[in-house]
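For reference, the structure discussed in these notes is given below.
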2 protein chains.
Amino acid sequence: MHANVKQNVVPLITPGLKLACSQCNLRELCLPFGLSEHDMGRLDNLIGGARKLKRGQHLYRAGDVFESIFAVKAGFFKTDVLTEDGRDQVTGFQMAGEIVGMDGISTEVHTCNAVALEDSEVCLIPFTELEMLSSEIRSLQHHLHKVMSREIVRDHGVMMLLGTMRAEERLAAFLLNLSQRFTARGYSPTEFHLRMTREEIGSYLGLKLETVSRAFSRFQDEGLISVQQKHIRILDIPRLKTLLAPPDGRIR
Amino acid sequence: MHANVKQNVVPLITPGLKLACSQCNLRELCLPFGLSEHDMGRLDNLIGGARKLKRGQHLYRAGDVFESIFAVKAGFFKTDVLTEDGRDQVTGFQMAGEIVGMDGISTEVHTCNAVALEDSEVCLIPFTELEMLSSEIRSLQHHLHKVMSREIVRDHGVMMLLGTMRAEERLAAFLLNLSQRFTARGYSPTEFHLRMTREEIGSYLGLKLETVSRAFSRFQDEGLISVQQKHIRILDIPRLKTLLAPPDGRIR
DNA sequence: GCACCCCTTTGATCTGTGTCAATGCAACTT
DNA sequence: AAGTTGCATTGACACAGATCAAAGGGGTGC
């Protein structure tokens with residue numbers, strides 16, 4: 001799949017790795033979206049460098065002082081919140097081109113954990129400096145606001161999912177969402193590796209891992225998908241979509 | 001409670017109503033937080049005026065073009081998302097000093113509905129102009145980012161609630177959250193009127209209205225609260241809090 | 001390359017919450 | 001003041017998903 005560089009590097013900032021936004025094939029999905037060449041250059045100067053993480057490494061932890069947001073350059077992350085009484089909720093999965101870390105802005109301290117689910121790489125975007133630059137570049141400022149707002153809207157979607165959907169609907173929504181995001185990145189809409197475990201999927205969807213596993217099996221039995229461990233092939237996208245919109249009857 | 005003016009005014013912008021931020025007793029909770037007198041004056045000039053809404057009126061609807069965010073000056077709102085297949089999820093309840101409407105920034109179109117649950121009043125904050133001003137006033141810019149980030153963090157809390165808690169825990173968390181927000185506004189922490197129906201509470205908490213009602217009754221039987229329709233009195237906050245942190249045993 | 005361990009699958013049973021239904025209460029309308 | 005209507009409460013029952021349990025498979029690290 002879209003695994004790439006396999007080097008095992010210390011998790012420190014490695015400025016040498018820096019790749020200009022203007023050279024990055026993710027720029028249409030990421031923060032510099034819509035910037036002129038000149039302004040993109042100014043953003044390049046601000047980006048603090050890249051950082052590589054091996055699978056399982058934390059990008060940040062709840063409680064860490066907030067300094068930067070991160071653009072995922074390659075790889076796959078999860079974010080999760082955990083409470084003192086041991087509850088653990090995965091709040092999202094992030095892939096290339098997406099921004100992580102905005103939870104830390106409000107209190108100057110991160111409120112969730114971000115973990116690499118495969119060997120990954122992020123760009124560091126020092127937030128104070130981003131604010132300074134964005135007060136000079138209107139389109140950058142506006143785009144930052146859009147990114148934050150999009151996160152809010154996305155969260156509302158998850159609430160909808162958790163609040164109103166049954167297990168199979170949740171899983172169908174999850175698969176379709178992944179499919180759509182992979183497509184936007186030029187990967188196959190129908191065939192991909194899941195980077196997360198059944199338990200992590202379950203946490204995200206508010207289900208137990210056994211329920212996730214059973215739902216996968218049922219989808220397979222019905223010819224909707226084929227599952228081999230973490231390898232998924234979607235066989236019938238239209239029919240998967242119909243699971244989300246129950247045909248009359250249960251229209252409440 | 002904190003119901004106030006009872007006039008029935010057309011839901012149009014009424015500039016005459018405009019009250020300067022500097023005169024507003026909510027300024028410590030709201031957008032102008034931390035601004036100098038001078039900068040607050042500049043913000044005053046930007047605020048497009050106030051708007052009154054009667055109970056049941058929409059502040060905006062999903063699909064409306066986004067132009068402004070709103071600061072709740074008085075009253076109580078709910079926001080909800082509904083899908084074409086009829087699902088309805090309440091995504092939040094907003095009270096005085098809180099900002100509504102940030103869902104619209106990302107697509108220039110509102111993605112949820114905002115409805116007044118009692119006669120209410122909001123300040124209109126034209127967003128493009130807010131962006132312009134915030135690029136000049138660093139602390140305003142930063143505060144706006146904090147407000148948006150706080151919304152993201154709040155949403156994560158709701159996900160945690162929906163994803164991991166059982167019915168009584170959800171309701172306890174809900175009551176404690178209301179209590180804390182009322183306290184911050186100078187109202188009683190222990191006695192208040194719910195502005196929303198059992199069904200709306202249920203939608204927010206991912207429960208059916210009957211389950212909400214039963215949980216209220218059980219809390220009352222156990223002496224935690226007293227309930228009379230929409231009037232709530234919390235009798236034992238500490239014990240209510242213990243419901244959230246199950247004492248060992250069920251530390252999944 | 002091998003072994004270990006974690007992840008996944010599947011079955012059997014339990015239970016919390018949803019569903020269906022009926023009654024009660026309170027506020028608003030005229 | 002009575003009627004209407006919407007909201008809340010309560011009970012009986014059903015069921016989706018959780019829990020408990022056991023076995024198998026595959027990837028990872030040594």
Side-chain angles (χ1 to χ4, degrees), chain A residues 1 3 6 8 54-57 78 87-88 90 116-119 161-172 174 193-221 225-232 243 246 249-252, chain B residues 3 6 8 54-56 78 87-88 90 117-119 161-172 193-221 225-232 243 246 249-252:
Chain A
M1 269 292 92
K6 269 277 180 183
N8 298 343
K54 289 177 64 180
R55 187 158 80 89
Q57 277 189 330
K78 73 166 176 181
R87 281 180 228 273
D88 181 8
V90 171
L117 294 181
E118 63 178 351
D119 294 357
L161 181 145
L162 292 171
T164 74
M165 294 188 183
R166 36 190 55 257
E168 295 195 357
E169 292 167 346
R170 295 181 198 193
L171 192 65
F174 173 71
H193 270 96
L194 297 175
R195 302 307 188 186
M196 67 298 281
T197 67
R198 301 288 189 263
E199 184 166 21
E200 287 163 337
I201 297 173
S203 171
Y204 181 61
L205 299 179
L207 302 169
K208 291 295 158 187
L209 69 94
E210 295 94 329
T211 305
V212 173
S213 178
R214 277 186 250 269
F216 271 130
S217 300
R218 229 167 304 138
F219 283 177
Q220 180 160 245
D221 293 347
I225 64 175
S226 101
V227 191
Q228 266 176 294
Q229 302 289 126
K230 291 193 155 72
H231 187 85
I232 301 286
L243 289 187
R250 228 194 58 254
I251 284 197
R252 29 147 283 126
Chain B
K6 268 278 180 182
N8 298 343
K54 289 175 65 179
R55 186 158 79 91
K78 74 165 177 182
R87 282 179 228 273
D88 181 7
V90 171
L117 295 181
E118 63 179 350
D119 294 356
L161 182 147
L162 292 171
T164 74
M165 295 187 183
R166 36 192 54 256
E168 295 195 357
E169 293 167 345
R170 295 182 198 193
L171 191 64
H193 269 95
L194 298 174
R195 302 309 189 186
M196 68 296 279
T197 66
R198 300 288 189 266
E199 184 165 21
E200 287 163 337
I201 297 172
S203 170
Y204 180 61
L205 299 179
L207 303 169
K208 291 295 158 186
L209 69 95
E210 294 94 329
T211 304
V212 173
S213 179
R214 278 187 250 268
F216 270 130
S217 300
R218 230 168 302 138
F219 283 176
Q220 178 159 248
D221 292 348
I225 64 175
S226 101
V227 191
Q228 266 177 291
Q229 302 290 129
K230 292 193 154 73
H231 186 84
I232 302 285
L243 288 186
R250 225 195 63 254
I251 286 195
R252 41 167 269 124

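Note on naming: letters A, B, ... go to the chains in the order of the sequence lines (proteins, then strands), and numbering restarts at 1 for each one.
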With the side chain counted from C-beta on, respond yes when A/M196 and A/V90 share a heavy-atom pair under 4.5 Å apart, and no when they do not.
-> no
Mind calculating the distance between CG (B/L161) and P (C/dT17) to the nearest angstrom?
-> 12 Å
Choosing from C/dG18, D/dG17, C/dG16, which nucleotide comes nearest the side chain of A/A167?
-> D/dG17
Touch check for A/G206, heavy atoms < 4.0 angstrom, all strands: base, sugar-phosphate only, or nothing?
-> sugar-phosphate
Side-chain touch B/L205/B/L161, heavy atoms, less than 4.5 angstrom = yes
Using only heavy-atom distances, decide whether a donor-acceptor pair under 3.5 angstrom links the side-chain of A/R214 to the base of C/dG11.
-> yes
Could you check how far CG of B/L209 sits from P of C/dT17, rounded to whole Å?
-> 15 Å
Between A/K208 (NZ) and C/dG11 (C1'), how many Å, whole number?
-> 19 Å
When rounded to whole Å, the CZ to P distance for the pair B/R166 and D/dG17 reads 16 Å
What's the CZ-P distance between A/R195 and D/dT28, to the nearest Å?
-> 10 Å
Would you tell me if any nitrogen or oxygen in the side chain of A/S213 comes within less than 4.0 Å of OP1 or OP2 on C/dT10?
-> no
Taking the side chain as every heavy atom from C-beta outward, state whether B/T197 and B/L209 have any atom pair closer than 4.5 Å.
-> no
If you take atom types as modelled and just measure distance, does the side chain of A/E210 reach the base of D/dC20 with a donor-acceptor pair under 3.5 Å?
-> yes
Report which part of the nucleic acid B/L207 touches: base, sugar-phosphate, or nothing (heavy-atom distance under 4.0 Å, all strands).
-> sugar-phosphate
Is the shortest heavy-atom distance from the side chain of A/R55 to the side chain of A/R195 under 4.5 Å?
-> no
Answer with base, sugar-phosphate or nothing: what part of the nucleic acid does B/R170 contact at a heavy-atom distance below 4.0 Å?
-> nothing
Distance, rounded to the nearest Å, where A/R218 contributes CZ and C/dG11 contributes P = 11 Å
Using only side-chain N and O atoms of B/R198, determine if any of them is under 4.0 Å from OP1 or OP2 of D/dC7.
-> no
Under 4.0 Å between a side-chain N/O of A/T211 and OP1 or OP2 of D/dG17, yes or no?
-> no
Candidates B/R170, B/E199, B/R214 - the one meeting side-chain contact (heavy atoms from CB on, under 4.5 Å) with B/L207 = B/R170
Atom CG of A/L205 and atom P of D/dG17: how far apart are they, to the nearest Å?
-> 12 Å
Whichever of A/Q229 and A/V212 has the more 5' nearest nucleotide on DNA chain D, that residue is A/V212
A/I201 CD1 - C/dC6 C1' separation (whole Å) = 15 Å
Kindly say if A/K230 contacts the phosphate of C/dC7, meaning a side-chain N or O under 4.0 Å from OP1 or OP2.
-> no
Are B/T197 and D/dG6 close enough that a side-chain N or O sits under 4.0 Å from OP1 or OP2?
-> no
